[in-house]
Peer 1: 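The following block contains the structure, expressed as structure tokens.
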2 protein chains.
Amino acid sequence: MLHDPAQLDLMFQALADPARRQMVDRLSRGPASVSQLAEPLAMSLSAVVQHLNLLEASGLVRTQKVGRVRTCQIDPRALRAAEHWINERRLSWERRLDRLGDFLAES
Amino acid sequence: MLHDPAQLDLMFQALADPARRQMVDRLSRGPASVSQLAEPLAMSLSAVVQHLNLLEASGLVRTQKVGRVRTCQIDPRALRAAEHWINERRLSWERRLDRLGDFLAES
DNA sequence: GCAACACTGAAGCATTTGCTTAACTATTGC
DNA sequence: GCAATAGTTAAGCAAATGCTTCAGTGTTGC
């Protein structure tokens, strides 16, 4: 589910925005309410909610509402999926370089 | 240089587009010319060049022109920088969970 | 020389994005 | 009950994005 291209698309798109990355950064230090997430950001609460909805749709963040406060937290599995995509490509490239090195050493 | 927020911004933005990720994926298997990159994509060569310029500006891809063909290859350092950003946030979150677990076990 | 090739750059255009404001709903504290 | 709090939703708008086409430039092969 987390590795399907559509979800990956949403994740990288979510991470593309500086404000959203700042929100993820904040959440990496612990759960926060919407207002707490908004506090360091120079934009309306409404804008923050829109960013948050994207983050949630991407799977990077999970939220639950208790009373009137919505508490947000990171879902590390989604972060791991994004990490994994990048890592695989980098390793693929580096393994290729290694093989090339071996080949040149042999000849 | 690779870790400054502006560069990180460009990298994640570059990775946000499916066509550009497909190009990175292709390049992870080895260098390619612009036309080779374009071949599997359902868009004009001109569009591919525009994507490529973004990838290059982000630092993810390096290119060099020999004669009339521009050969592209991945720069693994940029991939590593993006990977690193995600990894740090995930680890930060997971360490927090661990400490919480320890605390609960103690009490 | 000159045609085919491999791009490159600019202009234009529809769509998407990242906000804003304003009006609204649902909780909470007193 | 009712004001303050916490968030939600919709409408609107300027700017950015992802294309397109078309008209180039420089390179290569014959």
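Below, chains carry the letters A, B, ... as their sequence lines are ordered, and counting in each starts from 1. Keep in mind that this is a model prediction, so the values were computed, not measured.
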Peer 1: B/S46 near the nucleic acid: base, sugar-phosphate alone, or nothing, with a heavy-atom cut-off under 4.0 Å?
Peer 2: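 If one applies the 4.0 Å heavy-atom cut-off, B/S46 turns out to touch a base.
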Peer 1: Tell me the interatomic distance from A/L45, atom CG, to C/dG18, atom C1', rounded to whole angstroms.
Peer 2: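 Going from A/L45 (CG) to C/dG18 (C1'), I get 15 Å.
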Peer 1: Taking the side chain as every heavy atom from C-beta outward, state whether B/D17 and A/Q13 have any pair of such atoms under 4.5 Å apart.
Peer 2: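 Side chain of B/D17 against side chain of A/Q13, heavy atoms only: no contact under 4.5 Å found.
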Peer 1: Rounding to a whole Å, what distance do you find between A/D9:CG and D/dG18:C1'?
Peer 2: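 Rounding to the nearest Å, CG of A/D9 and C1' of D/dG18 are 14 Å apart.
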Peer 1: Measure from CD on B/Q50 to C1' on C/dA11 and round the result to the nearest Å.
Peer 2: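 From B/Q50 CD to C/dA11 C1': 11 Å.
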Peer 1: Looking at B/S92 and A/S28, would you say the former's side chain and the latter's main chain have a donor-acceptor pair under 3.5 Å?
Peer 2: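 Yes.
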Peer 1: Quick one: does B/R68 reach the base of C/dC5 with a side-chain donor-acceptor pair under 3.5 Å?
Peer 2: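 Per atom types, the contact qualifies.
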Peer 1: What's the CZ-C1' distance between A/R20 and C/dG18, to the nearest Å?
Peer 2: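 A/R20 atom CZ is separated from C/dG18 atom C1' by 8 Å.
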Peer 1: C/dT8, D/dT8, C/dT20: which one has an atom nearest the side-chain heavy atoms of A/K65?
Peer 2: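 Of all the options, the side chain of A/K65 is nearest to D/dT8.
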Peer 1: Start at the 5' end of DNA chain C and walk down; is the nucleotide closest to A/A16 or to A/V66 reached first?
Peer 2: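 Between the two, 5'-proximity favours A/A16.
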Peer 1: Please determine if a side-chain N or O atom of B/S35 lies less than 4.0 Å away from the OP1 or OP2 oxygen of C/dA6.
Peer 2: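 Answer no for this pair, as no side-chain N or O of B/S35 is under 4.0 Å from OP1 or OP2.
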Peer 1: Side chains of B/E83 and A/R90: does their closest heavy-atom pair fall under 4.5 Å?
Peer 2: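 A side-chain contact exists here, since the closest heavy-atom pair is under 4.5 Å.
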Peer 1: Check the distance between C/dT17's P and A/M43's CE and give it to me in whole angstrom.
Peer 2: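 Atom CE in A/M43 sits about 16 Å away from atom P in C/dT17.
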Peer 1: Quick check on C/dT17: is either OP1 or OP2 less than 4.0 Å from any side-chain nitrogen or oxygen of A/H51?
Peer 2: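 So the side-chain polar atoms of A/H51 never come under 4.0 Å of the phosphate oxygens OP1 or OP2 of C/dT17.
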Peer 1: Could you check which of D/dA6, C/dA6, C/dT8 has an atom nearest any side-chain atom of B/V69?
Peer 2: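 Ranking D/dA6, C/dA6, C/dT8 by closest atom to the B/V69 side chain puts C/dA6 first.
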Peer 1: Dump the intermediate steps for side-chain hydrogen bond (donor to acceptor under 3.5 Å, both in side chains) on B/T63 and B/E56, then the final yes or no.
Peer 2: CA-CA 7 Å; B/T63 76; B/E56 200 171 9; 2.9 Å; yes
Peer 1: Would you indicate which nucleotide in D/dC19, C/dT8, C/dC19 comes nearest to any side-chain atom of B/V34?
Peer 2: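 The listed nucleotide nearest to B/V34's side chain is C/dT8.
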Peer 1: Which whole-number value in Å describes the distance from B/L37 CG to C/dT8 P?
Peer 2: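 Computing the B/L37:CG to C/dT8:P distance gives 11 Å.
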Peer 1: Tell me whether B/E39 contacts the main-chain N or O of B/Q36 through its side chain, where contact means a donor paired with an acceptor under 3.5 Å.
Peer 2: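 Flag not set: sc B/E39 to bb B/Q36 has no pair under 3.5 Å.
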Peer 1: Nearest-Å distance, CD (B/Q13) to C1' (C/dG18)?
Peer 2: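 It is 12 Å, rounded to the nearest whole Å.
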Peer 1: Can you tell me the distance, in whole Å, between the CG atom of A/L54 and the P atom of C/dC19?
Peer 2: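 Rounded to the whole Å, the gap is 11 Å.
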